[in-house]
Amino acid sequence: MINIVNAVGSGNLHLELDLEQLGADLNVPYTEYDPENYHGLYVRFEEDGPLITVYRSGKYIIVGSSSLNELNETNDLFLNCIAELEGISIPDNTGFSIRNIVSTAEIGKELNLNALAIGLGLELVEFEPEQFPGLVYRPTDHPIVFLIFSSGKVVITGATDTDIATDGFEDLQSKINNIT
DNA sequence: AGCGCTACAGTGTTACGTTAAAGGTCTC
DNA sequence: GAGACCTTTAACGTAACACTGTAGCGCT
């Protein structure tokens, strides 16, 4: 069982945007544009909600959603707000898609990371406890990366679909059971 | 003419900033 | 004890670098 903690998606409005003007015109409670600090316009619908970063090219990124539903709802809200603006028409296909899902899971037992590193294959593993306490595992059969901790907790990142993360984690569990 | 050095242009790479989780280490 | 930092991942555009190639100059 995996638990999504962060979903990242991106899309394209296919419009050249004046970010300063857009930030002023958008009917959104939180916007921030400080080109001296960063060249993207930050947009939020809630103080602690997902963050939308909009670029001059019309491309945008949404980060910080704790579910795919929240990610898609935020995208819809954003597009509706843009569509309300005078002189801007939103294309039918913004190409919005999920780019990265970060999730957590639990193996359910304490792990010996040194033994696990050998069992998983040293060429697929990075483990430098003096630098970072988690073991980084990049399986060849799944397009994801695992951060595995001695407590048995696991962070799964790089997935573009929940099925990819779930399948990868189930595979990891069975590998760990064979090793330990 | 040929070589070596310097200066500049152009290209390529990297960091930035954002988000989230995990747990160890360090500073205050 | 609290908080920051370390690591990973993805997207994005810009700035700051590093690096390479070329041109020009001076010396032998």
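Just so we're on the same page: letters track the sequence lines, and every chain starts at 1. Every heavy atom of this structure was used, including side-chain atoms; hydrogens, water molecules and symmetry mates were not.
- Taking the charged nitrogens against the carboxylate oxygens, A/Glu32 and A/Arg44 have no contact shorter than 4.0 Å, which rules out a salt bridge.
- Listed candidates were B/dG17, B/dA20, C/dA11. Nearest to the side chain of A/Tyr42 is B/dG17.
- One N or O donor and one acceptor, one from the side chain of A/Thr157 and one from the base of C/dT9, sit under 3.5 Å apart.
- Nearest nucleotide to the A/Asn100 side chain, out of B/dG24, C/dA10, B/dG17: C/dA10.
- Proximity note for A/Glu126 (side chain, C-beta onward) versus B/dG17, C/dT8, B/dA22: the nearest is C/dT8.
- To the nearest angstrom, P of C/dT7 lies 12 Å from CD of A/Glu130.
- A/Ser57 comes within 4.0 angstrom of sugar-phosphate atoms only, judged by non-hydrogen atoms across all strands, and of no base.
- Around the CG atom of A/Asn27, the shell of radius 6.0 Å holds no more than 12 heavy atoms that belong to other residues, nucleotides or ligands.
- A close approach under 4.0 Å does not occur between any side-chain nitrogen or oxygen of A/Arg56 and OP1 or OP2 of C/dC12.
- The nearest whole Å value for the distance from the CD atom in A/Glu70 to the P atom in B/dT19 is 13 Å.
- Checking C/dA10, B/dG17, B/dA21 against every side-chain atom of A/Val8, the shortest atom distance belongs to C/dA10.
- At a cut-off of 3.5 angstrom, counting only N and O atoms as typed in the model, there is a donor on one side and an acceptor on the other between the side-chain of A/Tyr55 and the base of B/dG17.
- Enclosure of atom CD in A/Glu16 by more than 12 non-hydrogen atoms of other residues, nucleotides or ligands within 6.0 angstrom is indicated.
- At a threshold of 4.0 angstrom between heavy atoms, the contacts of A/Thr104 are confined to the sugar-phosphate backbone, with no base atom among them.
- One interatomic measurement links the two molecules: OH of A/Tyr60 to P of C/dG13, which rounds to 14 Å at whole-angstrom precision.
- Rounded to whole angstrom, the span from the NZ atom of A/Lys59 across to the P atom of C/dT14 amounts to 11 Å.
- When only modelled atom types and interatomic distance are considered, A/Asp34 and A/Tyr42 share no side-chain donor-acceptor pair under 3.5 Å.
- Look at CG on A/Asp161: it is 16 Å from P on C/dA10, rounded to the nearest Å.
- Each of C/dC6, B/dT19, B/dA22 was ranked by its minimum atom distance to the side chain of A/Gln131; first place goes to C/dC6.
- A straight line from CG of A/Asp34 to C1' of C/dG13 spans 15 Å, rounded to a whole angstrom.
- One interatomic measurement links the two molecules: CZ of A/Phe149 to P of B/dA20, which rounds to 16 Å at whole-angstrom precision.
- The side chain of A/Arg44 lies closest to B/dT18, out of B/dG23, B/dT18, C/dT8.
- No contact: A/Ser66 has no heavy atom under 4.0 Å from any strand.
- When side chains are defined from C-beta on, A/Leu147 counts as touching A/Val136, because their heavy atoms get closer than 4.5 Å.
- Within the 4.0 angstrom heavy-atom criterion, base atoms lie near A/Leu147.
- C/dC6 atom C1' lies 15 Å from atom CG of A/Leu135, rounded to whole Å.
- Using a 4.5 Å heavy-atom cutoff, the side chains of A/Asp48 and A/Glu46 are not in contact.
- Nearest to the side chain of A/His39, among B/dA22, C/dC12, C/dT14, sits C/dT14.
- With a 6.0 Å radius and a threshold of 12 heavy atoms from other residues, nucleotides or ligands, A/Arg56 has its CZ atom at or below the threshold.
- Under a hydrophobic-cluster definition in which Ile, Leu, Val, Met, Phe, Trp and Tyr are linked whenever side-chain heavy atoms come within less than 4.5 Å, directly or via other members, A/Val43 and A/Tyr55 are assigned to different clusters.
- Heavy atoms of A/Val102 sit under 4.0 angstrom from at least one base atom.
- Within residues 18-33 of chain A, no residue places a heavy atom under 4.0 Å from DNA chain C.
- Ranking B/dG24, B/dC16, C/dA11 by closeness to the A/Ile61 side chain, first place goes to C/dA11.
- In the hydrophobic clustering of this structure, A/Tyr38 does not group with A/Ile62; members are Ile, Leu, Val, Met, Phe, Trp, Tyr whose side-chain heavy atoms approach within less than 4.5 Å, directly or through other members.
- Residue A/Arg138 places at least one side-chain N or O under 4.0 Å from the OP1 or OP2 atom of C/dT9.
- Taking only side-chain atoms of A/Tyr38, from C-beta outward, the nucleotide of B/dG17, C/dT8, B/dA22 with the closest atom is B/dG17.
- Here the side chain of A/Val5 is nearest to one of C/dT9, B/dA21, B/dA22, namely B/dA21.
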